[in-house]
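Written out below as structure tokens is the structure these notes cover.
Note: hydrogens, waters and symmetry copies are ignored here, and every other heavy atom, side chains too, is used. Protein chains get the first letters and strands the later ones, always in sequence-line order, with residue 1 at the start of each. Being a predicted model, the structure only gives us computed values, none of them experimental.
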Amino acid sequence: MKIATWNVNSIRARLSHVCDWLQSKQPDVLLLQELKCQTEAFPYEAIEDAGYQVAAFGQKTYNGVAILAKGGIEDVSCGNLYFEDSQARVIEAIVDGQYRVISVYVPNGEAVGSEKYTYKLAFMEGFAKLLEDRLRFDEKLIIGGDFNVAPMDLDVYNPQTWKGRVLCSTPERLALRSLINLGLTDVLRAKNPQVEGLYTWWDYRSGGYAQNHGLRIDHLLLSAKAMESVLEVGVDSQTRGLERPSDHAPVWVSLG
DNA sequence: ATGACGTGAGTATCACGA
């Protein structure tokens, strides 16, 4: 069972990359963020032709999340019952009858102290309530998404430059820590403690990828029951080197 | 200090991303 998360920065602009990647990597589940299209404009046919069922939750121009799965997708739920939000940032479902998966696109936050930053922290608090509910039972729960938070300085190419700034500020890191402390594991870091230069996003500007000037802001958080069967975890950073790439790379985990 | 680059909407230029 291989589950991945990928902020594609427009599913329609990235459709060929996504189809190529599904074809070559054959994940069982792919959690998408930043569809940048309305639900009905999702390219269902191309993804279904690639062998995947789709549950999408979109909106015009911005945001949008989806779950792609080879097996059955059941009990789809869009949004967060515990957080009033007009933006399409959360979708969850049961896949293969035994894994609860959630795709989340946490707000960017713009700048520390801004309205969008306040919204980001409120969103994370509301998301924690959802996770608290979903962790009531000892189930295989996998949350994948763009959290827009680099958990530690180790996750940042130049911590001094980023110190205290949005994506790296202490309140954001504490909010992410609170989510994880509900009973989850940041599986990529857990399997790669102390590894430097492990990033999932590189700025389009200033040749960020060529110099590996990145941040680790996309995460896979697993419940204890899901952690029991982890085999491998990684980042497919080569996708960032393609022509017209997303600025984020897929993060994946395989379970036995 | 600012902007770099990319996408969608709409057809010039802005909102937004991180």
Any ring-ring contact (aromatic ring centres under 6.0 Å, His included) pairs touching [range], not counting sequence neighbours?
| range | value |
| --- | --- |
| residues 124-155 of chain A | A:Phe147-A:His219 |
| residues 10-36 of chain A | A:Trp6-A:Trp21 |
| residues 49-95 of chain A | A:Phe83-A:Phe123 |

If you take any heavy atom closer than 4.0 Å to DNA chain B, which residues from residues 142-152 of chain A end up in contact?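 A:Asp146, A:Asn148, in order of number.
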Interatomic distance, [X] [atom1] vs [N] [atom2] [rounded to whole Å]:
| X | N | atom1 | atom2 | result |
| --- | --- | --- | --- | --- |
| A:Phe123 | B:dG17 | CZ | P | 13 Å |
| A:Arg89 | B:dC16 | CZ | C1' | 11 Å |
| A:Leu167 | B:dG17 | CG | P | 11 Å |
| A:Arg240 | B:dC5 | CZ | P | 12 Å |
| A:Lys120 | B:dG17 | NZ | P | 10 Å |
| A:Glu115 | B:dA15 | CD | C1' | 15 Å |
| A:Gln59 | B:dG17 | CD | C1' | 14 Å |
| A:Gln87 | B:dA15 | CD | P | 16 Å |

If I pick the [atom1] atom on [M] and the same atom on [N], what distance separates them, to the nearest angstrom?
| N | M | atom1 | result |
| --- | --- | --- | --- |
| B:dC14 | B:dG3 | P | 12 Å |
| B:dA1 | B:dC16 | P | 25 Å |
| B:dG17 | B:dA4 | C1' | 14 Å |
| B:dG10 | B:dA15 | P | 14 Å |
| B:dG8 | B:dA12 | C1' | 14 Å |

Under 3.5 Å, which protein N or O atoms sit close to an N or O of nucleotides 6-13 of chain B? Give each pair with its distance.
from  : atom 1 : to       : atom 2 : distance (Å)
B:dT7 : OP1    : A:Arg14  : NH1    : 2.6
B:dT7 : OP1    : A:Arg14  : NH2    : 3.1
B:dT7 : OP2    : A:Arg244 : NH2    : 2.9
B:dT7 : O3'    : A:Ser10  : OG     : 3.3
B:dG8 : OP1    : A:Ser10  : OG     : 2.4

How would you list, by chain and number, every residue that makes a side-chain hydrogen bond (donor to acceptor under 3.5 Å, both in side chains) with A:Thr200, sequence neighbours excluded?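 Residues passing side-chain hydrogen bond (donor to acceptor under 3.5 Å, both in side chains) with A:Thr200: A:Asp218.
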Is A:Ile102 close to A:Leu31 at the side-chain level, that is, under 4.5 Å between some pair of heavy atoms?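 Result no, sub-4.5 Å side-chain heavy-atom pair not found.
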Tell me if the CZ atom of A:Arg177 is crowded by more than 12 foreign heavy atoms within 6.0 Å.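 No - once you tally the heavy atoms of other residues, nucleotides and ligands closer than 6.0 Å, there are 12 at most.
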List the residues meeting salt bridge (Lys or Arg N to Asp or Glu O under 4.0 Å) with A:Asp146, not counting sequence neighbours, and say none if there are none.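 Result, salt bridge (Lys or Arg N to Asp or Glu O under 4.0 Å) vs A:Asp146: none returned.
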Sequence-distant partners of A:Asp247, salt bridge (Lys or Arg N to Asp or Glu O under 4.0 Å), two or more places apart: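 Residues passing salt bridge (Lys or Arg N to Asp or Glu O under 4.0 Å) with A:Asp247: none at all.
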Does any pair with a residue in residues 221-237 of chain A pass salt bridge (charged side-chain N to carboxylate O under 4.0 Å, His left out), and if so which ones, sequence neighbours excluded?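 Non-adjacent pairs meeting salt bridge (charged side-chain N to carboxylate O under 4.0 Å, His left out): zero.
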Apart from A:Leu154 itself, residues in the same hydrophobic cluster as defined by side-chain heavy atoms under 4.5 Å: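 A:Met152, which link up through side-chain heavy atoms under 4.5 Å apart, make up the rest of the cluster.
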Residues clustered with A:Trp252, ILVMFWY side-chain links under 4.5 angstrom: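 Besides A:Trp252, the cluster holds no residue at all.
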Name the nucleic acid region contacted by [X], choosing base, sugar-phosphate or nothing; use a 4.0 angstrom heavy-atom cut-off, strictly under.
| X | result |
| --- | --- |
| A:His213 | nothing |
| A:Tyr105 | sugar-phosphate |
| A:Asn7 | sugar-phosphate |
| A:Glu110 | nothing |

So, A:Lys140 and A:Asp96, do they make that salt bridge, N to O below 4.0 Å?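 Salt bridge absent between A:Lys140 and A:Asp96.
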Check the interface with nucleotides 1-3 of chain B: list each N/O to N/O pair with the protein under 3.5 Å, or write none.
none

